[in-house]
Amino acid sequence: MSNRIAAILLLLLSLLWLYQSFTLKVMFLSDPVGPKVIPMALAGLLFLLSVLLFFQSEPAVAWPAPGAWANVFVILLSFLIYGSLLAFLGFMLATSLETAFVSWRFGARFGLALLTGLGVSLALYILFVFILGISLPTGTLFGAR
Amino acid sequence: MDVLQLLFDGFAISFSPVNLLAVFVGAIVGTVIGMLPGVGPINAIAILIPITFALSLSPTTSIIMFAGIYYGSQYGNSISTILLNVPGTASSVVTGFDGYPMARQGKAGPALAMSAIASFTGSMLAIFLLIIFAPLLAQMAIRFGPAEYFVLMVFAFTTLASLTGNNIVKALIAAVFGLMLSTIGLDPQGVAQRFTFGSLELYDGLDFVVVTIGLFAISEVFQMLETSLKEKATVHKLGRVFITVKEFFASLWTMIRSALSGFLIGVLPGAGATIASFVAYATEKRLLDREGTFGKGDIRGVAAPESSNNAAAVGSLIPMLTLGVPGSGTTAVMLAALLSLGVTPGPLLLKNNPEIFWGLVASMFIGNVILLLLNLPLVPLFAKILLVPRWVLMPLVATISFIGVYAVKNSAFDIFLMTGFGLLGYLMRKTGFPLAPVILGLVLGELLEKNLRRALTYSNGDLSILFASPIAIVLWVLALLGLFWPNLVFLGKRLWQK
């Protein structure tokens, strides 16, 4: 099944891509090829390849149990939330929370996870900000601009 | 001879305190990172690129450190493969065929030691070959115009596609996908905005660090999450940590042969350490396996892949440095790193910046010696790192990824992008799509398009320029061969048996 689904998705992608490259707004003509050709050629190639894929024999895919899927989904969500809240909460707070959460999902007991979160974030903060000089956000919650 | 003088200069450069430190740090960091399951040299280099920016390291020092990381991680990969049967990356899978059985028989020490020694031998041999052949390749490379480059890129592509994994179609799809990703943003001639949907963040196209970390590291976190949460890694007892003289000499020819084949495979753009390790193991098994010991703990089964994958790593630096074409996924990342540092690898690199090339070669010598001296006594210590439970390890990987990505553009959008690619990478791994061709496509895409359009501009739209010069024709033939190589080998075997 997975090959079929993948093939259909890729087919759709190639068609979308084709459409997008067709309707591209070109500012001026610079060379005989132009910016549309390669994307269209690639989309065409993808189309052909996904047709081939559709007819290929199915591999044995070890899909995870629904529980495991939920786990992956939850962590995924946490990453997205982390990204959105990073500027707001600042690096230390956001990362500690996120790391603690991931640690917890990987099986650590609640308290240990929190400790790990704090520990890892602190260690990395020191490493990146003080030793390597990369600036990390302080967080608008705490008054940074 | 000119080469010796340049090499001597290279040694002088690499003995500078900064560069020595860079090799040392790179080697250690590489080894530790290589031991983390799933995080390979690509991740290590990709994550550390922003750091080299932050430290304002010179291009020479940066690439010396990257090379140190590359080697270090080859060593590190073998460690986790042998002890836990968890390959750090695809290139160390073959090492586990005999390495893991050896560990279970209590011979983990000799296995680890042989892996270190074979890697050293393989690298050394390859470096000699590099010194001899690199200038030759560089001279030839100046005759490459945009048309020839275009065909070269096509060749790089076909070779990778036909050699990665069992499924050519999926590898090609991954490669085409990577190429499509590379078209996002402003096109090479600066004429049109492509697939950005009005988003400012995508104006410059996708950042390859974001894509790489997402596809590899984040997908690994998802993958690890899925496999049992409570499973603790058990380390087998480490016996003696050295090999007997007898074992060494029994494996000597294996190491030499594997280094040769590994180097040649590594030089071909698209092939790399993984293929080299498979080929070497298969060759040695065919030549030496009289009693069926390969696969059950034959130390030569560890020597072969280890020697060849290090030789391939060195070999893959040739096309990257002399021709500007990456030989593998890892060198693709290195190439992009160099480009962003303002250095253009290619035939002119040897002319204009010889100190980068020869400094690198000299530091490879030093790096390999350091790694050997480092690894043998430190193996027991390294092994303890693998005892760190997953609930510390994985959050660490995730957090380092976040910082690595955020530090590139200070943009949360990149974190979203990275997460998205992480999900994609996870799905791809589950359904049997190889990840490396995507990266290759992403990196090569712009070069491919730029050269094609330039070539056609010169010829005013005449396509025959792509087939004009002898170099171009040779490359087309090689590309076709590369695409149909497995079929040809199969046919050749059938004919041979008749």
Side-chain angles (χ1 to χ4, degrees), chain A residues 2-3 6 10 17 20-21 24-35 38-39 42-43 45-46 49-50 52-53 56 59 61-64 68 71-72 75-76 79-80 82-84 86-87 95 98-99 102-108 112-113 116-117 120-121 124 128 132-136, chain B residues 50-51 54-55 167 169-170 172-173 176-177 179-180 183 187-195 218 221-222 224-226 229-230 389-396 398-400 402-403 406-407 410 412-413 415-416 418-419 422-423 426 430-433 445 448-449 452-454 456-457 460-461:
Chain A
S2 59
N3 267 6
L10 288 167
W17 204 266
Q20 273 294 317
S21 21
L24 217 51
K25 286 193 206 72
V26 183
M27 290 193 265
F28 54 89
L29 280 179
S30 63
D31 59 285
V33 181
I38 297 237
L42 289 175
L45 204 59
L46 186 62
L49 286 171
S50 28
L52 276 173
L53 183 65
Q56 272 204 345
V61 177
W63 288 114
N71 238 345
V72 173
I75 292 265
L76 187 93
F79 286 166
L80 295 174
Y82 174 74
S84 353
L86 185 58
T95 313
E98 173 60 31
T99 314
V102 175
S103 177
W104 176 55
R105 292 315 300 164
F106 266 97
L112 217 49
T116 311
V120 167
S121 313
L124 289 175
F128 280 90
L132 294 171
I134 298 178
S135 75
L136 294 168
Chain B
I51 296 179
L55 289 174
N167 198 325
V169 176
K170 284 188 175 162
L172 277 173
I173 289 183
V176 171
F177 182 65
L179 283 170
M180 287 165 78
T183 59
D187 80 308
Q189 312 290 65
V191 175
Q193 269 296 319
R194 299 191 291 195
F195 312 108
I218 300 295
V221 175
F222 291 149
M224 280 287 164
L225 195 61
E226 181 204 320
L229 297 176
K230 300 260 159 88
R390 295 240 178 99
W391 46 264
V392 175
L393 216 53
M394 287 297 120
L396 197 66
T399 314
I400 295 186
F402 288 143
I403 303 182
Y406 190 81
N410 261 38
F413 181 76
I415 293 188
F416 299 143
M418 177 186 80
T419 309
L423 182 64
Y426 176 64
K430 292 234 104 40
T431 49
F433 282 89
L448 242 149
E449 176 164 13
L452 177 66
R453 289 165 74 167
R454 243 188 234 162
L456 289 177
T457 310
N460 276 322

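Per chain, numbering begins at 1; letters A, B, ... match sequence-line order. Treat the numbers as computed from the prediction; the structure is a model and nothing was measured.
- In this structure, the portions of A:Thr99 lying under 4.5 Å from any heavy atom of chain B include both its backbone and its side chain.
- Rounding to the nearest 0.5 Å gives a distance of 7.0 Å between OG1 of B:Thr183 and CE of B:Met180.
- Looking at A:Ser21, the atoms closer than 4.5 Å to chain B (heavy atoms on both sides) sit in the backbone and in the side chain alike.
- With chain A as partner, the option from B:Arg454, B:Met418, B:Lys170 having the largest number of non-hydrogen pairs under 4.5 angstrom is B:Lys170.
- When the candidates A:Ile38, A:Leu10, A:Thr116, A:Leu112 are compared by the number of heavy-atom contacts under 4.5 Å with chain B, A:Ile38 comes out ahead.
- Among residues two or more places apart in sequence or in another chain, the side chain to side chain contact (heavy atoms under 4.5 Å, CB included) test is passed with B:Val169 by A:Leu49, A:Leu52, A:Leu53, A:Gln56, B:Asn167, B:Ile173.
- Every residue two or more places apart in sequence or in another chain was checked for a side chain to side chain donor-acceptor pair (under 3.5 Å) with B:Thr419, and none qualifies.
- For the options A:Asn3, A:Leu76, A:Val102, A:Thr95, heavy-atom pairs under 4.5 Å to chain B are most numerous at A:Leu76.
- With a 4.5 Å cut-off on non-hydrogen atoms, B:Phe177 touches chain A through its side chain but not through its backbone.
- Within 6.0 Å of CH2 on A:Trp17 lie more than 12 heavy atoms contributed by other residues, nucleotides or ligands.
- For the pair A:Phe79/B:Ile415, no side-chain contact is recorded, criterion being any heavy-atom separation below 4.5 Å from C-beta on.
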